[in-house]
Amino acid sequence: MTEQPYDEAASSQEEAPVDGAPETPEEAAAEPAAPEGPSLEEQLAERTADVQRVQAEFINYKRRVEDDRVRAVETGKQKVLAELLTVLDDLGRAEEHGELTGGFKAVADQLRSTLAKFDLVSFGEVGEPFDPNLHEAVFHAGEDPNVEVQSIAQVMRTGYRVGDRVLRPAVVGVVDPGVAAAATEQPTTDD
């Protein structure tokens, strides 16, 4: 009789089943199922919340990008307009000296109307009430009984704004109300 060599691999397969695996199909059916984690409804709710959060972040991002775009356009427009203010100053001086006539006057008028389309507004006229937010006072011209509030007496440089933003304050000289105006403003009381 011949002896068969000992085969370790074959003998290990015949031994006990793998750790935790049921030995027979009946035992497999009798064991309870291991917990699988969150249910499908919980997973769906979690993924839905994630999608909603990402969607809200994207909407906020789009809003910020659009706001930044609008601000960039406005800033660019204001920079160009600010650079043209010196041209408007030169045109104003030429007009004061009677040098702005003919074709040059037509060009100046066209330039002013075009800049007005971009909401460029000038301010700082003689007689206007003084506003430190809009005007830069460089001298005090004393008192004037004809004015009721501190007013502009002289304009050295016109101010400009676009909407609510001041591009350049008006450089002015101011005058205070005179003694006669101050006396009329104070109410008299009869006891």
Side-chain angles (χ1 to χ4, degrees), residues 52-191:
Q52 289 172 342
R53 185 172 35 259
V54 169
Q55 184 179 21
E57 288 174 2
F58 181 69
I59 289 169
N60 290 336
Y61 168 76
K62 281 179 36 180
R63 205 173 289 140
R64 281 192 312 270
V65 167
E66 181 61 23
D67 290 346
D68 289 347
R69 188 190 65 77
V70 168
R71 265 194 305 276
V73 167
E74 286 298 314
T75 300
K77 181 172 82 170
Q78 291 170 0
K79 284 182 179 182
V80 169
L81 292 174
E83 292 296 321
L84 290 173
L85 296 183
T86 57
V87 174
L88 292 175
D89 291 341
D90 292 342
L91 290 174
R93 281 190 289 276
E95 193 170 40
E96 286 174 4
H97 293 105
E99 298 173 2
L100 195 59
T101 59
F104 291 118
K105 180 166 179 24
V107 170
D109 291 341
Q110 182 65 35
L111 177 63
R112 288 179 181 140
S113 68
T114 300
L115 294 176
K117 290 177 186 176
F118 289 98
D119 299 326
L120 183 69
V121 178
S122 65
F123 61 90
E125 300 290 327
V126 173
E128 280 183 21
F130 175 74
D131 182 354
N133 296 319
L134 301 175
H135 308 107
E136 181 180 330
V138 292
F139 73 89
H140 187 263
E143 295 179 350
D144 184 355
N146 297 327
V147 298
E148 296 180 10
V149 295
Q150 191 176 38
S151 302
I152 298 172
Q154 184 179 355
V155 179
M156 275 75 63
R157 187 176 73 185
T158 304
Y160 291 94
R161 71 174 171 232
V162 175
D164 293 337
R165 183 161 187 253
V166 175
L167 292 180
R168 182 178 78 185
V171 178
V172 299
V174 296
V175 64
D176 288 330
V179 177
T184 58
E185 288 180 13
Q186 295 178 352
T188 58
T189 57
D190 294 327
D191 288 69

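Residues F118 and V162 fail the side-chain proximity criterion, which asks for heavy atoms closer than 4.5 Å. Between L88 and T158 there is no side-chain heavy-atom pair separated by less than 4.5 Å. For the pair V155/E128, no side-chain contact is recorded, criterion being any heavy-atom separation below 4.5 Å from C-beta on. Residues L120 and L167 have side chains in contact (heavy-atom distance under 4.5 Å, counting atoms from C-beta outward). Considering only heavy atoms from C-beta on, Y160 comes within 4.5 Å of S122 through its side chain.
Here the straight-line distance linking atom CZ of F130 with atom CD of E136 works out to 9.0 Å at 0.5 Å rounding. In this structure, L85 CG and L115 CG are separated by 8.5 Å, a value rounded to the nearest 0.5 Å. Between D164 atom CG and N133 atom CG the span is 11.5 Å, to the nearest 0.5 Å. Here L91 contributes atom CG and K105 contributes atom NZ; the two are 10.5 Å apart, rounded to the nearest 0.5 Å. Distance check: H140 NE2 to Q150 CD gives 6.0 Å after rounding to the nearest 0.5 Å. Interatomic distance, OH of Y61 versus CG of D68, reported as 9.5 Å (0.5 Å rounding).
In terms of heavy atoms, P129 sits closest to V149 at CB-CG2, 4.0 Å. Here the shortest heavy-atom pairing between F123 and H135 reads CD1-NE2, 4.0 Å. Of all heavy-atom pairs between A170 and G124, the closest is CB-CA, 4.0 Å.
Each side chain to side chain donor-acceptor pair (under 3.5 Å) pair with one or both residues in residues 78-90, not counting sequence neighbours, appears once here: Q78-R165, D89-R168, D90-R93.
Around atom CZ of F139, more than 12 heavy atoms belonging to other residues, nucleotides or ligands sit under 6.0 Å away.
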Run the salt bridge (Lys or Arg N to Asp or Glu O under 4.0 Å) check on E74 and R71 step by step: do they pass?
CA-CA 5 Å; E74 286 298 314; R71 265 194 305 276; over 6 Å; no
